[in-house]
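We count ligands from 1, going down the list as the structure has it; atoms in each ligand are counted the same way. FYI, side chains are in, hydrogens and waters are out, and symmetry mates aren't considered; it's all heavy atoms of this structure.
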Amino acid sequence: MSEKKTTGAVIGCGSISKMHLGCMKEAGYRIGVLCDVDAGRAEQMKRDFGDERTRVVTSFEEAIRDADVDVVSVLTPPVFHAGQTVAALNAGKFVYCEKPVVRTLKEFDAIFAAEKSSGKGAYFTPGRMRGGDTPTVRQYVNDGEFGDIYRVESKHWRMRGRSGVDTGPHWFADSQKALGGILADMGLYFMDRAFHLTGWPKITSVSAVTFRPFPYDLPSDVPYDVEEHALIMARTEGKLTFTFELANMAYFDDWTTNTLMMLGNKGGMHLRSGRTEEFRFLTEKGAPGRYIEHRINWKEGRKTDTIIYEELAAAVRGTGQVKTATSSREALVLHEVMAMTYMSSHNRREIRPEDLDQNANIFIKA
Ligand SMILES: NC(=O)c1ccc[n+]([C@@H]2O[C@H](COP(=O)([O-])OP(=O)(O)OC[C@H]3O[C@@H](n4cnc5c(N)ncnc54)[C@H](O)[C@@H]3O)[C@@H](O)[C@H]2O)c1
């Protein structure tokens, strides 16, 4: 008899579910259950990605109870993420959940406890940026080509692309549902990449500002309170400092800017990310006083989420580990930096991890 295919359940069949379902199929999954409070959306995904056995349900509890399901993908609006992740773990499933994850840092305790008692793992999507050029850059770091890295700068600016205002459903603009603005929506990806590349150094303080709003035209019953701009400086216990600049809207002269700069005392690199762009590594190695440039146009043939679903399938079988997605411990660190950012902006001072209140809302309106 042939081995059972890894079986996935998707909770929330909205915009991003198409990408997840496509990657699940590429990774050899069967789509076992499609769940959405709007049954029509789940039916549509069944037509596009399912088979005759794929179940369509509107109840999350029913979806995670399905004995055939190995991996639950949580793709609902963020306010549901932590609760659905914990419930799916407790139902004995591996979980791959979209970002952001929690309203308070304390909620991670329940995730860790459910992982421990179920023996299953919860993984999160900020690691989505660990594909593409990232493994090559990481190899340079591990080979010591940078020397001591003292500065990482990550910048993601859009001229106009406010989630929930210019694009996507309105819930993105409402902190009650989205749990944050550009920091939660995009910032977590860039932080994950920067911390992953530098081995997750301990963050000792954050100084930050966030900004809102720009003029907007939304129906009066649509809440809009999330930030569209953030400037963050994060110190570590060593000499390395990170800066993150994020903007969903800015009056500047480029439609979108997406760069990563990593500077070490032996070499440095500039990554202009995007599909066709390259990373440039500068060094004087072997040629003192002369800059040597390596240009690497390293393209990952497959989507990072396909690799993550393959890793999850191996974890289900007990034959491998999930390395490309963000672990729950790493996700906690990302949310701590988020919490320090909002608190620093609000209090207009540098914030340390010990200043954080585990039970407080991470999001604070700018
Ligand atoms: N849209 C994107 O380009 C994109 C990209 C990356 C990540 N994400 C993340 O993916 C998540 C979902 O975003 P989206 O754009 O797909 O949103 P969406 O609004 O298009 O889809 C969410 C779906 O969840 C359903 N839903 C809501 N509550 C539910 C519940 N309790 N149980 C079951 N279904 C429920 C909704 O009916 C909807 O179909 C968010 O965390 C977002 O940050 C989105």
Side-chain angles (χ1 to χ4, degrees), residues 8-24 33-46 48-49 55-66 69 72-88 91 95-103 107 122-131 156 158 161-193 222-223 226-227 246 248 256 258 303-306 308 325-326 331 334-335 338 362-363:
V10 162
I11 316 299
C13 297
S15 306
I16 201 62
S17 69
K18 297 182 204 74
M19 191 279 289
H20 280 265
L21 286 159
C23 292
M24 281 178 165
V33 185
L34 292 164
C35 167
D36 201 295
V37 287
D38 177 342
R41 292 187 172 193
E43 291 287 358
Q44 181 61 49
M45 292 307 147
K46 173 168 173 160
D48 294 346
F49 298 97
R55 292 174 60 207
V56 166
V57 302
T58 52
S59 147
F60 161 72
E61 288 77 13
E62 200 181 333
I64 61 169
R65 266 203 310 268
D66 190 300
V69 168
V72 172
S73 297
V74 176
L75 316 180
T76 45
V79 62
F80 301 110
H81 288 175
Q84 292 182 338
T85 294
V86 170
V95 179
Y96 185 37
C97 175
E98 275 293 348
K99 44 74 219 173
V101 186
V102 295
R103 181 190 295 278
E107 289 173 74
Y123 300 91
F124 303 92
T125 56
R128 182 169 283 147
M129 297 213 54
R130 298 183 191 181
H156 171 79
R158 296 166 175 156
R162 294 169 294 175
S163 303
V165 179
D166 303 316
T167 61
H170 290 321
W171 64 254
F172 274 101
D174 177 3
S175 70
Q176 294 293 316
K177 297 192 176 113
L179 310 182
I182 189 167
L183 187 52
D185 188 23
M186 298 303 296
L188 296 181
Y189 290 131
F190 298 105
M191 288 178 189
D192 183 278
R193 179 174 65 177
V222 173
V226 299
E227 82 288 352
L246 306 159
N248 264 341
T256 174
N258 191 344
K303 288 204 182 75
T304 310
D305 283 74
T306 301
I308 291 169
T326 307
L334 297 177
H335 286 73
M338 222 170 110
I362 291 174
F363 175 78

*Asks:* With nothing but distance in play, are any N or O atoms of K99 less than 3.5 Å from an N or O of ligand 1?
*Replies:* yes

*Asks:* Measure the distance from atom 40 (C) of ligand 1 to every protein heavy atom, then report the residue, atom name and distance (to 0.1 Å) of the closest one.
*Replies:* W171 CH2, 3.6 Å

*Asks:* Among all protein heavy atoms, pick out the one at the shortest distance from atom 11 (C) of ligand 1; state its residue, atom name and that distance to 0.1 Å.
*Replies:* T76 O, 3.7 Å

*Asks:* What are the atoms of ligand 1, with element, lying closer than 4.0 Å to any heavy atom of P78?
*Replies:* 41 (O)

*Asks:* What do we get for R128 next to ligand 1 when only non-hydrogen atoms under 4.0 Å count, side chain, backbone, both or neither?
*Replies:* side chain

*Asks:* Taking a cutoff of less than 4.0 Å between a non-hydrogen atom of the residue and any ligand atom, is M19 in contact with ligand 1?
*Replies:* no

*Asks:* Consider side-chain contact (heavy atoms from CB on, under 4.5 Å). Of T85, L188, D192, V74, which one does F124 pass it with?
*Replies:* T85

*Asks:* Rounded to the nearest 0.5 Å, how far apart are NE2 of H81 and CZ of R103?
*Replies:* 12.5 Å

*Asks:* May I ask you to list the atoms of ligand 1 that are less than 4.0 angstrom from any heavy atom of R41?
*Replies:* 38 (C), 39 (O)

*Asks:* Starting from atom 8 (N) of ligand 1, which protein heavy atom do you reach first, and at what distance in Å?
*Replies:* E98 OE1, 3.7 Å

*Asks:* Are any of the N or O atoms of D36 closer than 3.5 Å to those of ligand 1?
*Replies:* yes

*Asks:* For atom 27 (C) of ligand 1, what's the nearest protein heavy atom and its distance?
*Replies:* P77 CD, 3.5 Å

*Asks:* What do you reckon, does F80 put a non-hydrogen atom under 4.0 Å from ligand 1?
*Replies:* yes

*Asks:* Between CZ of R55 and CG of D66, what distance do you get to the nearest 0.5 Å?
*Replies:* 4.5 Å

*Asks:* Of I16, V74, D185, which has the heavy atom at the shortest distance from atom 4 (C) of ligand 1?
*Replies:* I16

*Asks:* When rounded to the nearest 0.5 angstrom, what is the spacing between CD in E98 and CZ in R128?
*Replies:* 4.0 Å

*Asks:* Considering only heavy atoms, which of G168, P100, S15 lies nearest to atom 20 (O) of ligand 1?
*Replies:* S15

*Asks:* Looking only at protein heavy atoms, which one is nearest to atom 6 (C) of ligand 1, and what is the separation?
*Replies:* Y189 OH, 3.3 Å

*Asks:* What pairs with F172 under ring-ring contact (aromatic ring centres under 6.0 Å, His included), at least two apart in sequence or on another chain?
*Replies:* none

*Asks:* Distance from T326 atom OG1 to I308 atom CD1, nearest 0.5 Å?
*Replies:* 7.5 Å

*Asks:* Which heavy atom of the protein is the closest neighbour of atom 22 (C) of ligand 1, given with residue, atom name and distance?
*Replies:* L75 O, 3.8 Å

*Asks:* Using a 4.0 Å heavy-atom threshold (strictly under), name the region of V37 that reaches ligand 1: side chain, backbone, both or neither.
*Replies:* both

*Asks:* I need the I11 CD1 to L34 CG distance, nearest 0.5 Å.
*Replies:* 9.0 Å

*Asks:* Would you please indicate yes or no on a ring centroid separation below 6.0 angstrom for Y189 and H156?
*Replies:* no

